[in-house]
Enquirer: 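This structure is in structure tokens; I'll ask about it shortly.
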Amino acid sequence: MLRYLRERLQDGKLHMTLIDPEKQPTEEASDVASTLEGMGTDAIMVGGSTGVTQENLDNTVKGIKSVIEIPVILFPADACTISEYADAIYFMSMLNSRSTRLLVGEQVQASKTVKDLGIETISMGYVIVAPGMKVGEVGLADPLPRNDPELAVKYGLAAEFFGMDLFYLEAGSGAPAPVPAEIVKAVKEEISIPLVVGGGIRDGKSARELVEAGADMLVTGTAVERTRDMAGLKEILDAVKRGNR
Ligand code: 1GP
């Protein structure tokens, strides 16, 4: 799947749709995934900060996989919720967590299961940018200040030097505003691994700004799950795909 993402990145920017298994029944999750695939999203991420169970995760992943062709990648909150039905898993570390649990502890607990299940791992450095929302709270993050691009660059370089495949700047699901474009620009200028940006992206304008600032992949979740704002989503997809020309 990393190969798939890298190949697609050669043609331009990507959009990924985050589906939280707790937020809707399985059929609805499959419907959303299939609609978004039709609109041009490049991959489906499945995960949530709270309320993910083995059952709702497996059912959601299986349901989605049965109706789409694009990859389903797990976006795990801990070591307990891993689905063998997914195509890959982000093997991620929350680099600005105060707790060793999300830096490395959960990953250690998960590693043997991941190996035994044979799921492809995509390693990712994950940094929470203020306000950070729920994921910042439960992850005990020291959110990156919105006016500190220099610190963001240092995290991005650390992720790259650790050998991570991707670097993700996360404002938190439902954030009132996305990661500032200045931060995205500063990080993109310094790192050479792909830059993922998510949290609070609601419209074409902010998507365009982030893409122009250098984001390689945008992630949207709430825009799909709560508002069912298909027009907004279309604008976001258009902005991402326009970045490809
Ligand atoms: C996932 O932050 C993204 O990590 C999703 O954010 O729900 O605000 O789109 P939204």
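Note that these values count all heavy atoms, side chains included, but never hydrogens, waters or copies made by symmetry. Atoms within each ligand, like the ligands themselves, are counted from 1 in listed order.
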Enquirer: Looking at Asp238 and Lys234, does any basic side-chain N land under 4.0 Å from a carboxylate oxygen?
Expert: yes
Enquirer: Quick check: Val219 and ligand 1, any N/O pair under 3.5 Å apart?
Expert: no
Enquirer: For residues 174-187, tabulate all N or O donor-acceptor pairs below 3.5 Å that involve a side-chain atom, not counting sequence neighbours.
Expert:
residue : atom : partner : partner atom : Å
Lys185  : NZ   : Glu189  : OE2          : 3.2

Enquirer: Thr220 heavy atoms, cut-off 4.0 Å: which ligand 1 atoms fall inside?
Expert: 9 (O)
Enquirer: At less than 4.0 angstrom from any non-hydrogen atom of Arg202, what atoms of ligand 1 do you find?
Expert: 8 (O), 9 (O)
Enquirer: Are Lys65 and Asp87 close enough for a salt bridge, meaning some N to O gap below 4.0 Å?
Expert: yes
Enquirer: To the nearest 0.5 angstrom, please state how far the CG atom of Leu57 sits from the CD1 atom of Ile82.
Expert: 9.0 Å
Enquirer: Relative to the ring of Tyr168, is the ring of Tyr126 parallel (under 30°), tilted (30 to 60°) or perpendicular (over 60°)?
Expert: perpendicular
Enquirer: Need the ligand 1 atom indices (1-based, order shown) with element for anything under 4.0 Å from a heavy-atom of Leu18.
Expert: 1 (C)
Enquirer: My understanding is that we take every heavy atom of each candidate and find the minimum distance to atom 3 (C) of ligand 1. Doing that for Pro176, Gly221, Gly199, which one comes out nearest?
Expert: Gly199
Enquirer: At a 4.0 Å threshold, what atoms of ligand 1 neighbour a non-hydrogen atom of Gly198?
Expert: 2 (O)
Enquirer: What atoms in ligand 1 come closer than 4.0 Å to a heavy atom of Gly174?
Expert: 7 (O), 8 (O), 10 (P)
Enquirer: For Glu69 and Glu37, work out which heavy atoms get closest and say how close.
Expert: N-OE2, 2.8 Å
Enquirer: Show me the donor-acceptor pairs within less than 3.5 Å that the side chains of residues 206-215 make with the rest of the protein, sequence neighbours left out.
Expert:
residue : atom : partner : partner atom : Å
Ser206  : OG   : Asp203  : O            : 3.4
Ser206  : OG   : Asp203  : OD1          : 2.6
Glu209  : OE2  : Lys205  : NZ           : 3.2

Enquirer: Under 4.0 angstrom from ligand 1, any heavy atom of Met45?
Expert: no
Enquirer: Which atoms of ligand 1 are found less than 4.0 Å from any heavy atom of Phe75?
Expert: 4 (O)
Enquirer: Using a strict 4.0 Å cut-off to heavy atoms of Tyr168, name the atoms of ligand 1 that fall inside it.
Expert: 1 (C), 2 (O), 3 (C), 4 (O)
